[in-house]
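Order of appearance sets the numbers: ligands from 1, and atoms from 1 within every ligand. Values reported hereafter were calculated over all heavy atoms of this structure, with side chains retained and with hydrogens, waters and symmetry mates removed.
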Amino acid sequence: MRNRNQWAAGWLVILLLFALSASGQALTVQGDTGRYRLNHLIDYFVGDEQSPGQALQRGQWQAKHDDSVLNLGFTDQSVWLRASLTIPEPLNRQWYLVIPYPLLEEVDLYILRDRQQLPIYHISREQSETRRQQPRSYQVALPLPRDLQGDLQLVLRARSATSLQVPLELWREDRLLTQFSLRSLYWGAYFGVLCALVIYNLFLFLSLRDSAYGYYVLYIVSMSLVMLCISGVGNAWIWGGHPLLTRYALPLSTALVSLFALLFARSFMKWQDISPRWDRSMKVSAGLAGLLVVYTWVDPTRGALFAGLLATLVIFLLIAVGLAGLKAGVAIARYFVLAWTTFAVGASLYLLNVFDLLPVNLITNHAMQVGSVAEVLLLSFALAHRIKEERARKLAALRKQQMAERQVRDLELLSMEQAMHDSTTRMPNASLLNQQLHTMMRANRRVALTLVHYPQIKDIASSMGHRLAEEMFCQLMSKLNHTLAGLQGVICLESRQRAYLAIPEFGSAAFLIDLAHIEGPLEPFIEQVVGNHEISVHAVRLPVFMNLCCGVAIAPEHGDSTEILYQHASAARDRSESSKVPVQVYNNEISDFARRRLDLVTALPPAIQAGELTLHLQPQMSSSGHKLVGAEILLRWHSARFGSVSAREVIEIAENAGLMDLLSRHIMTQACRTMQTLHERQVDINCSINLSVQNLTNSHFVSFALTDIREHDIPMNRVIFEVTETAMMHNMEAVIGSLLKIANSGCRIALDDFGTGYSSLAYLSRLPIHELKIDRCFISQMCSNQNDLGIVQNTLKLARSIKLETVAEGVEDENTRELLSQLGCNRLQGYLFARPMPLDTFCDWAKTLKGSPC
Ligand code: C2E
Ligand code: CA
Ligand code: CA
């Protein structure tokens, strides 16, 4: 039995010797060389033998002659290695067996004396790190005994949960320490950069509350964790002595990197807005990464494999997403693509090395670090660019908002300006005047509200166009404002444009006078202010003489509110217009007048119905004044309540109260009956009927009048319609239409009150007019006033030249008659011959005439 044992031991030694001889030459270690590489000296096999004895008994040791690192890729089996050493003299320093691959979880080193079976020394990675006898290292560093000498054999077992690489080196302690310092510097810089980026982006996240920065911080933290694992820094400084922790930390952090990279990419470029399809694929991948985070806790070994595969997929997905972003015109995507491509290159180099598809060298070892740091830096640039873009966007939005606000403010100012100003003259309007008036009245100041009205302005607008009328009105107002500005007591309504007057409506002006500054009577003062403005307008060339009427009401005497004061000033202005007094200060009589007007308006329609309004006839004589040739039909209202109401007032009331059509139809029918009666009584003369402007702008009335004449069998050429010059200026188109209708029917048209308007004869000659009635104001003074005589002479001459008949009205004395006869006026009318009289009286008067036609 003993012999058998001896034989067996002998065979073992032979086998061992054979095996040793097969392993190639031994390395001679000299103390003065600080470092040796052993990669080319090792034999190895993959197997799960438990002791070096068992391992050495195996016959499948493979020799490895080149200097490359032993790389077995992903395997969870152990690998056994051996190498021979010769140490001629005892080493007086501490030496280490160094394996620069920190992912190895289990490492056991056995040292055997040459040709002996039992190890003289054993140390595991865990023991060495928990004892911490050796200096810190980022690699696996196992201390060798100090007293080693002679021929020795190193037998090593290594195992890793992930990839299995076993680079073998021998390092003297001082050299190892130097290398450790250098590496610390290098890793310090690397993690320093990552830390700075974490702090910077965390700060941005807290201040901007943008989830992209939050995810980015988590991404860098996860990436740092991956790097802590694969670099050995985590093991050296954080979880030293617990290599198993790396087994969990590596797959977990890889899955987290994928998860946060996807979440970051989604919120960074706001993919949900750009492409929902890409966003969905990122969401699905993020879900997978989330699942993997959980799975790695259950099965870290397979989890690491899956996490690696998913990370590869995610990188390609992110690059594709970035390219899609570039295509969609997202400028920031270029940083994104560049960052992920850099990282992809680095990671693929590293992974290809891990899976044993690329050799282990300086580049493949550090590709991941370089790629990751370049990537996080590029992504930080992208984030900075995003801040810049967002700031620019916010600035643009702010500017836009400011502009919109300014526009709204301008609009408000404009509408306020418009609400307070007259659109034509840009002067203040009634609202601004009322504000001032109100303020003054509240301060118990004695103030006069003056309303000025220019009646011709509206006529000019109708006849010559609004532009011209507005131009004239603006000139007039600017002159008046200038006059007011130079006077004491006139209140400035708006200091900005030095406006002293307001425009209540087109054709009217209003201003305020502080009576504390006025000495003496008010009327002459105002008369001097408003005066008679003569303005010349280029379009007309001739200076146009502007009539005006002016009403004044004084606070507090004439009213204790702005409304009442305004109402009373308006009543005074109306009175000024009807009485032809240029300036009228309000008084009780005016109030009575206004009240009477109101009563008349109410009384007029029933009076028409009751036949209270009658027609009188005033004869028109031949040029010599001896022969009756015609009569003007004039309205008369003798009211039981109001007494005689003048024809002018009745017409004015009817026009203002909208009763003109009713009244005119009544007059027309009466006039036709009168003409019928005249014919029956053989007084066959022409009859003139007065028409007002409202009759001419109402086509229905003209048709009615012409039908009425026909129905009464009156020869059309016996009827003359009298229209005033001013009536011609209103709504020209309608008026001319009516005149043509009349002229075409055979009736004649006379231009009444000729000379008081401003129309030129040449212009009138183009209208269907048959005769001119020269106004009374020229006729009554023509014998004493050379001017009037000149006007009458010229009018008669011009009328003759354009073949118009002439009528002179207001012939009151024999001299005038004679002069007109001499000048060749066709017909004469006036008190000299007879006043207007009722039909019967007229017929009687006509019979008394010598040589009369009846
Ligand atoms: P008008 O058309 O100019 O009429 C002539 C006015 O002069 C009449 O006043 C007449 O009585 C007055 N008159 C005539 N000869 C003399 C004179 O020698 N001296 C003076 N001082 N006056 C003289 P009346 O009747 O008061 O009419 C005033 C105005 O009322 C008329 O002026 C006319 O515009 C208007 N009117 C009168 N009747 C009618 C009518 O039936 N229809 C219309 N639409 N208007 C009428
Ligand atoms: Ca008349
Ligand atoms: Ca007249």
Inset, instruction - Note the single closest protein heavy atom to atom 44 (N) of ligand 1, along with its residue, its atom name and the distance in Å. - result: Asn690 O, 3.5 Å
Inset, instruction - Distance to 0.1 Å, residue and atom name: give those for the protein heavy atom nearest to atom 22 (N) of ligand 1. - result: Arg776 NH1, 3.2 Å
Legend entry - Pair Gln618-Gln829, side-chain donor/acceptor within less than 3.5 Å: yes
Legend entry - More than 12 heavy atoms of other groups within 6.0 Å of Gln822 CD: yes
Inset, instruction - Could you tell me which atoms of ligand 1, counted from 1 in the order shown, lie closer than 4.0 angstrom to a heavy atom of Asp753? - result: 3 (O)
Inset, instruction - Give the atoms of ligand 1, by number and element, whose distance to some non-hydrogen atom of Pro836 is under 4.0 Å. - result: 11 (O)
Inset, instruction - Tell me, please: is Arg835 in heavy-atom contact with ligand 1, that is, under 4.0 Å? - result: no
Inset, instruction - Going by heavy-atom distance to atom 36 (N) of ligand 1, choose the closest among Ser646, Ala647, Ala671. - result: Ala647
Inset, instruction - Determine whether more than 12 heavy atoms belonging to other residues, nucleotides or ligands lie under 6.0 Å from atom CD of Glu814. - result: yes
Legend entry - Residue portion contacting ligand 1 (non-hydrogen atoms closer than 4.0 Å) for Ile651: side chain
Inset, instruction - Work out whether the distance between some heavy atom of His616 and some atom of ligand 1 is less than 4.0 Å. - result: no
Inset, instruction - Indicate, as side chain, backbone, both or neither, the part of Asp752 found under 4.0 angstrom from ligand 1 when only non-hydrogen atoms are considered. - result: side chain
Inset, instruction - Output the distance between atom CG (Asn717) and atom CZ (Arg748), rounded to the nearest 0.5 Å. - result: 8.5 Å
Inset, instruction - Look at atom 21 (N) of ligand 1 and say which protein heavy atom is nearest, naming residue and atom and giving the distance to 0.1 Å. - result: Glu812 OE2, 3.2 Å
Inset, instruction - May I ask you to identify the nearest protein heavy atom to atom 34 (O) of ligand 1, giving residue, atom name and distance to one decimal place in Å? - result: Arg648 NH1, 4.1 Å
Inset, instruction - Among all protein heavy atoms, pick the one closest to atom 15 (N) of ligand 1 and tell me residue, atom and distance. - result: Gln618 NE2, 2.9 Å
Legend entry - ligand 1-proximal atoms of Thr724, by part, heavy-atom distance under 4.0 Å: neither
Legend entry - Aromatic plane relationship, Phe473 with Phe506 - under 30° parallel, 30 to 60° tilted, over 60° perpendicular: perpendicular
Legend entry - Closest protein heavy atom (residue, atom, distance) for atom 18 (O) of ligand 1: Tyr831 N, 2.8 Å
Legend entry - Protein contact of atom 8 (C) of ligand 1 - nearest heavy atom, named by residue and atom, plus distance: Leu634 CD1, 3.9 Å
Legend entry - No-hydrogen, no-angle side-chain donor-acceptor test under 3.5 Å, Lys773 and Ser688: no
Inset, instruction - Please verify whether a non-hydrogen atom of Gly810 lies at under 4.0 Å from ligand 1. - result: yes
Inset, instruction - Identify which protein N/O/S atoms are less than 3.0 Å from the Ca ion (ligand 2). - result: Glu632 OE2, Asn690 OD1, Glu722 OE1, Asp752 OD2
Inset, instruction - Report, as yes or no, whether the 6.0 Å neighbourhood of atom NE2 on His770 holds more than 12 heavy atoms from other residues, nucleotides or ligands. - result: yes
